[in-house]
*Asks:* 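Shown below is the structure under consideration.
Each chain gets a letter, A, B and so on, in the order the sequences are listed, and its residues count up from 1.
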2 protein chains.
Amino acid sequence: MRVAELSRRTGVSVASIKYYLREGLLPPGERTSPNQASYGEDHVRRLRLVRALIDVGGLSVVGTRDVLAAIDDDGVSLHQALGRAQDAVMARVEPTPSDDAAERAEKTVAELVARRGWAVTHGNPGRRAAVDVLATLERLGGERVAGLLDVYAEAMEAVARHEVTAVVDPGDRERSVERVAVGIVLGGALVAALRGMAEESASARLLAPGPAAAEDPG
Amino acid sequence: MRVAELSRRTGVSVASIKYYLREGLLPPGERTSPNQASYGEDHVRRLRLVRALIDVGGLSVVGTRDVLAAIDDDGVSLHQALGRAQDAVMARVEPTPSDDAAERAEKTVAELVARRGWAVTHGNPGRRAAVDVLATLERLGGERVAGLLDVYAEAMEAVARHEVTAVVDPGDRERSVERVAVGIVLGGALVAALRGMAEESASARLLAPGPAAAEDPG
DNA sequence: CCGTTCGGATAGTTCTACTCTCCATTCATG
DNA sequence: CATGAATGGAGAGTAGAACTATCCGAACGG
């Protein structure tokens with residue numbers, strides 16, 4: 001098929017498809033003549049994946065390209081692909097000011113990791129983000145939230161265990177890696193969404209003015 | 001104190017402080033003369049809160065302003081403030097295409113809500129996001145992740161219950177509301193961070209090439 | 001044959017979050 | 001009280017991200 005049909009099938013404008021081709025998110029079509037190309041079902045699939053990662057997962061175009069590159073690279077293992085997907089999702093962790101609060105947060109996280117027996121590298125983006133959040137909470141006086149660290153950890157441990165086992169499959173490597181990436185990115189969105197629902201529910205039960213409290217909080 | 005000191009104490013440039021004043025994220029200082037103003041500790045606190053919500057929580061400037069407006073508005077209850085904070089965090093849920101997948105996702109979420117006995121309004125942003133993710137997963141063939149819905153729900157129910165109870169406090173309303181907002185926003189960042197750590201750990205145990213699998217996945 | 005579509009490249013647009021520049025005060029220091 | 005730095009306020013400018021529009025000459029297709 002040609003660009004117009006690819007656009008129709010996916011709902012992505014021709015201009016955007018050209019942009020994604022330029023940026024390397026979509027492989028070029030098979031050339032049928034010096035300036036004509038044809039696209040297949042793989043392109044439809046890939047384009048849908050791109051839009052899912054960007055629109056639903058909230059990845060940047062560059063982050064999406066990095067994830068797709070990991071999927072396409074046969075030398076990248078499942079474990080490594082998971083790391084790449086995490087890097088793309090958490091691409092917002094800059095050098096923390098490194099003060100007292102940051103040091104204490106670092107220690108708190110290290111203790112949590114030891115307590116739970118987690119195998120987490122020092123450079124894990126989630127780890128850096130956790131330190132950042134805890135240090136920020138201390139600076140703001142949010143000790144009540146920070147005190148729930150073990151609750152969060154316990155919940156996320158269960159989630160991660162199920163996610164990783166659900167996604168493992170010793171079949172087609174490329175599909176497996178793709179599933180890992182989709183799982184990391186969209187799983188994160190799903191976690192956030194369900195947390196939002198659970199929060200409203202808990203809030204309605206515990207905070208709403210009375211038993212007739214069905215006010216729309218939006 | 002004057003701007004320069006406020007800037008020094010918070011690490012925010014004078015230009016940015018002026019910008020936040022213009023955008024209504026920071027209340028104007030107390031005027032000491034027609035064109036001179038003085039700022040207090042409240043401004044320092046507020047400015048730190050602004051940076052936390054933007055830098056760590058990932059909110060937009062507009063979203064931050066909405067959250068702060070809810071905190072400052074005495075007519076906003078804790079339950080309502082929680083809703084405002086959620087709106088700000090999930091400000092990326094546009095009209096879904098509304099096809100078969102979306103309808104099935106809607107039904108799946110409704111069943112989940114009924115199954116768990118959650119009190120969730122139809123307009124909850126998390127609910128819309130959940131429908132969006134599930135519909136996207138179906139379109140991509142990510143049934144393995146979608147099948148973990150109850151695992152996610154169970155984990156998030158525990159998280160939300162603890163968060164809401166930890167944050168409730170029948171004291172100073174404004175501080176309480178602020179704590180709710182901080183809890184929603186930074187709690188979300190903490191959940192994502194810990195999930196990242198737990199994923200790497202689970203992946204290292206289940207997917208890594210062998211027992212010597214201490215490779216840095218970054 | 002000739003109007004439409006194509007691939008490819010360059011330039012332009014929109015949005016966000018600042019950042020810079022002015023300017024007429026006002027402060028602070030000698 | 002002179003004078004240089006800082007202030008508040010407003011407007012314009014900037015950088016990056018993600019498109020979007022316009023051209024172009026070649027190819028397709030009825």
*Asks:* Would you say D:dT20 has OP1 or OP2 under 4.0 Å from some side-chain N or O of A:Y20?
*Replies:* no
*Asks:* Measure the distance from CG on A:L21 to P on D:dA18 and round it to the nearest whole Å.
*Replies:* 17 Å
*Asks:* Does a nitrogen or oxygen in the side chain of B:S16 sit under 4.0 Å from OP1 or OP2 of C:dT19?
*Replies:* yes
*Asks:* When the distance from OH of A:Y19 to C1' of C:dG8 is rounded to whole Å, what number comes out?
*Replies:* 16 Å
*Asks:* Name the residue closer to the 5' end of DNA chain C, choosing between B:I54 and B:P34 according to the nucleotide with the nearest heavy atom.
*Replies:*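 Checking each residue's closest nucleotide, the 5'-ward one belongs to B:I54.
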*Asks:* Does B:N35 place a side-chain N or O at less than 4.0 Å from the phosphate oxygens OP1/OP2 of C:dT26?
*Replies:*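 The answer is yes; a side-chain N or O of B:N35 sits under 4.0 Å from OP1 or OP2.
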*Asks:* Please report, rounded to the nearest Å, how far the P atom of C:dT5 is from the CG atom of A:L6.
*Replies:* 16 Å
*Asks:* Can you find a donor-acceptor N/O pair under 3.5 angstrom joining the side chain of B:R31 to the base of D:dT7?
*Replies:* no
*Asks:* Specify the separation, in whole Å, of atom CD of B:E23 and atom P of D:dG9.
*Replies:*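 Checked: the CD to P distance equals 15 Å.
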*Asks:* Under 4.0 angstrom, heavy atoms only, what part of the nucleic acid is B:A15 near: base, sugar-phosphate, or nothing?
*Replies:* base
*Asks:* What is the distance, to the nearest angstrom, from the CD1 atom on B:I17 to the P atom on D:dA6?
*Replies:* 15 Å
*Asks:* Whole angstrom is fine here: how far is it from NE2 in B:H43 over to C1' in D:dT7?
*Replies:* 15 Å
*Asks:* Would you say a side-chain N or O of B:Y39 is under 4.0 Å from OP1 or OP2 of D:dG8?
*Replies:* yes
*Asks:* Could you give the CE-to-P distance, from B:M1 to C:dC27, as a whole number of Å?
*Replies:* 17 Å
*Asks:* Side chain of A:Q36 only, please: which of D:dC19, C:dA17, C:dC6 is the nearest?
*Replies:*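 Output: C:dC6.
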*Asks:* OP1 or OP2 of D:dG29 versus the side-chain N and O atoms of A:R2: is any pair under 4.0 Å?
*Replies:* yes
*Asks:* Are any of the side-chain nitrogens in A:E106 or A:R128 under 4.0 Å away from the carboxylate oxygens of its partner?
*Replies:* no
*Asks:* Which nucleotide sits closest to the side chain of B:K18: C:dC6, D:dC19, D:dG8?
*Replies:* D:dG8
*Asks:* If you look at every heavy atom in B:A193 and A:G126, which pair is closest and at what distance?
*Replies:*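 Shortest heavy-atom separation between B:A193 and A:G126 comes out as CB-O, 3.3 Å.
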*Asks:* Distance-only, no hydrogens or angles: does the A:H43 side chain make a donor-acceptor pair with backbone N or O of A:P27 under 3.5 Å?
*Replies:*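 The answer is yes, because a donor-acceptor pair under 3.5 Å joins these two groups.
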*Asks:* If you only use heavy atoms from C-beta on, which nucleotide in D:dA27, C:dT26, C:dC20 is closest to the side chain of B:R22?
*Replies:*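 Looking only at side-chain atoms, B:R22 lies closest to C:dC20.
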*Asks:* Measure the distance from CG on A:L59 to P on D:dA17 and round it to the nearest whole Å.
*Replies:*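 So the two atoms are 14 Å apart, to the nearest Å.
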*Asks:* Using modelled atom types and a 3.5 Å cut-off, is there a donor and acceptor pairing between side-chain atoms of A:E200 and backbone atoms of B:T121?
*Replies:*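 Yes, because the side chain of A:E200 sits within donor-acceptor range (under 3.5 Å) of the backbone of B:T121.
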*Asks:* Hey, does the side chain of B:R195 reach the backbone of A:I184 with a donor-acceptor pair shorter than 3.5 angstrom?
*Replies:* yes
